[in-house]
Amino acid sequence: MSKQKRTAIEPTRDQNYAEWYQQVIKAADLAENSDVRGCMVIKPWGYAIWENIQRALDGMFRDTGHRNAYFPIFIPKSYFEKEAEHVEGFAKECAVVTHSRLEDDAAGGLKVAGELTEPLIVRPTSETIIGASFARWVNSYRDLPLLINQWANIVRWEMRTRLFLRTAEFLWQEGHTAHETSEEAMDETRKMLDVYAEFAKDYLAIPVLKGEKTASERFPGAVDTFCIEAMMQDRKALQSGTSHFLGQNFAKASEIKYQNREGEMEYAWTSSWGVSTRLIGALIMAHSDDNGLALPPKIAPSHLAIIPIYRDEEEKAAVMDYCQKVIELFKKEYWEDIRIYTELDDRDLTGSERNWHWIKKGIPLRIEIGPRDIASEAVMVARRDKEPRDKQSVPLQNLKEYCLSTLAEIQDAYYQRALAFREENTVKIDSKDEFYKFFTAKNKNKPEIHGGFAHSHWCGDPACEEQIKSDLKVTIRCIPLEKETEEGQCIACGKTSHERVIFAKSY
RNA sequence: CGGGAUGUAGCGCAGUCCGGUUAGCGCGCUCGGUUCGGGACCGAGAAGUCGGAGGUUCAAAUCCUCUCAUCCCGACCA
């Protein structure tokens, strides 16, 4: 039994990161591919994570003055066409509804019929359809700012998909706001980026870099795009949220006009911002290990797995009684703003098997309860952020306090670990040679985990950006907001540069 | 949409090159028993239009043609 080295997930991260990712999702039972190309089925454990993300973010949106509403999933083609860059950016990935009816064909199947006079686009994002409403809602400067959020599903017909990271249909929220002035809209754009960064840090335990996108990475139709970028354990960057300053582009396209304080008609200034189920992908890749998912307590669907251990019916009765006491302890209990949920796992499986089940699901704490614990009026507690065999006996009378403070410790531990990882793999690079070496795997056929975030100079020329991209598949993830103005030479062309940007391979 | 590969039980695969009894194996599942605090074991059992259509043949998972789907590598992307 050489089980010591066995990991719950095979392959390990080092062996094959992409496959490891899929296996973590499978082992934790988060989601699966459906029969519909590129579309996933989100299973209860995965969907509960999304609901927790929604709950926390939704509160933050309300606190910043936003209200939820819902707009149609279908966008008339003519609406979509109004903003030229926008169309161009999304045209290649639109699902389009052209018919409204099915009729029997001769062969016992069905054929589409009832062609629509105007095709409907399944929303890939809602700027244009929401803009149409905003145009009706905004007449006076007194109607502004208009601060709306929508929780919805959207469709982008992607060629290659990966669960949570890129699917044809995904769930997200999109905030859409209209303002009186450019400054106000820009403030809103930056404020919501801050909200995202704060959420990522406080709930997902993921440190993110806030920055501005280069022109080539900008949202189609936006004047300026901001993003939060997180480092995954394979040292690639994952864009985890975006916030766009749309200027008056969409206001002009949708005729969002208002009468200003001087009595003149003026176009509004708009913003839009969103995060999606991709955050779950970020969560997985930021914290999980070779034993499976690891969930920050603030976002975990449940916090305590209770695993009764017994041999016969007599023991079972006593142990189950004792388990109920523990469950009672946490009933309707809160840790900060998080309701504590417990899972009683009394399935007829061995203790280890049940333990491993919950390890793979990433539950923060596991509590084993057996006859010995009843005798000592204690329980055995194991933490997901420690080794699987690392258990500690905790007296029942201290259990609640112990668990609540340990959840806080775990939450912090994950954040600190992710932060340390990012720091370790973020480097300042000033020589082109070194830059190319940094982003080139030693083993070409089976690339090892390499690279990271390179903090290097860029002259601002899109050609240099393109050069790096085609040579190395490395892109400018963002121009960090917290920047030190510093003279240097562009990593690609050597010309004078005034700032460093973040280069990385990305998802 | 270009290049490569694969479709056989819920999942992972063998069998296909070289056609030939009842199409196998592992995991999972069901039932019974022994177990249970480092991923259990024994016994019994259920489950398969061999991706689909057509063709060759006495005979097709196996050969041929067409087709559909999926995966990987590119181009594109929250």
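From a predicted model like this one, the values you see are computed outputs, not experimental measurements. Reckoned from all heavy atoms, side chains included, excluding hydrogens, waters and symmetry mates. Letters A, B, ... mirror the listed sequences (proteins, then strands); counts begin at 1.
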Fill in: Same-atom distance (C1') from B:rC29 to B:rG37, integer angstrom
27 Å
Discussion item. On the six-membered ring of A:Trp157, is A:Lys92 placed so that its NZ or CZ lies under 6.0 angstrom from the centre and within 45° of the ring axis?
Written reply: no
Worksheet item: Closest nucleotide of RNA chain B for A:Met380 versus for A:Lys473: which of these residues is on the 5' side?
Response: A:Met380
Fill in: Axial cation check for A:Phe226 ring with A:Arg190, 6.0 Å and 45° limits
yes
Practice prompt. Give a yes or no on whether A:Glu448 atom CD has more than 12 heavy-atom contacts from other residues, nucleotides or ligands under 6.0 Å away.
Written response: yes
Item to complete: Answer with yes or no whether A:Asp373 presents, from its side chain, a donor or acceptor under 3.5 Å of a partner atom in the base of B:rG37.
Response: yes
Worksheet item: B:rA69 and B:rG43: how far apart are their P atoms, nearest whole angstrom?
Response: 45 Å
Fill in: B:rU22 and B:rU35, which share atom name P, separated by this distance in whole Å
44 Å
Please enumerate all protein N or O atoms sitting under 3.5 Å from an N or O of nucleotides 69-72 of chain B, with distances to 0.1 Å.
from	atom 1	to	atom 2	distance (Å)
B:rU70	OP2	A:Arg37	NH2	3.1

Worksheet item: A:Ile309 or A:Ala8: which one's nearest nucleotide on RNA chain B is closer to the 5' end?
Response: A:Ile309
Worksheet item: Can A:Phe170 be called stacked on B:rA78 when the rule is centres closer than 5.5 Å and an angle between planes below 30°?
Response: yes
Worksheet item: From B:rG37, B:rU35, B:rA78, pick the nucleotide closest to the side chain of A:Asp348?
Response: B:rU35
Response to the item:
Of the listed B:rC11, B:rG37, B:rA78, the closest approach to the A:Glu158 side chain comes from B:rA78
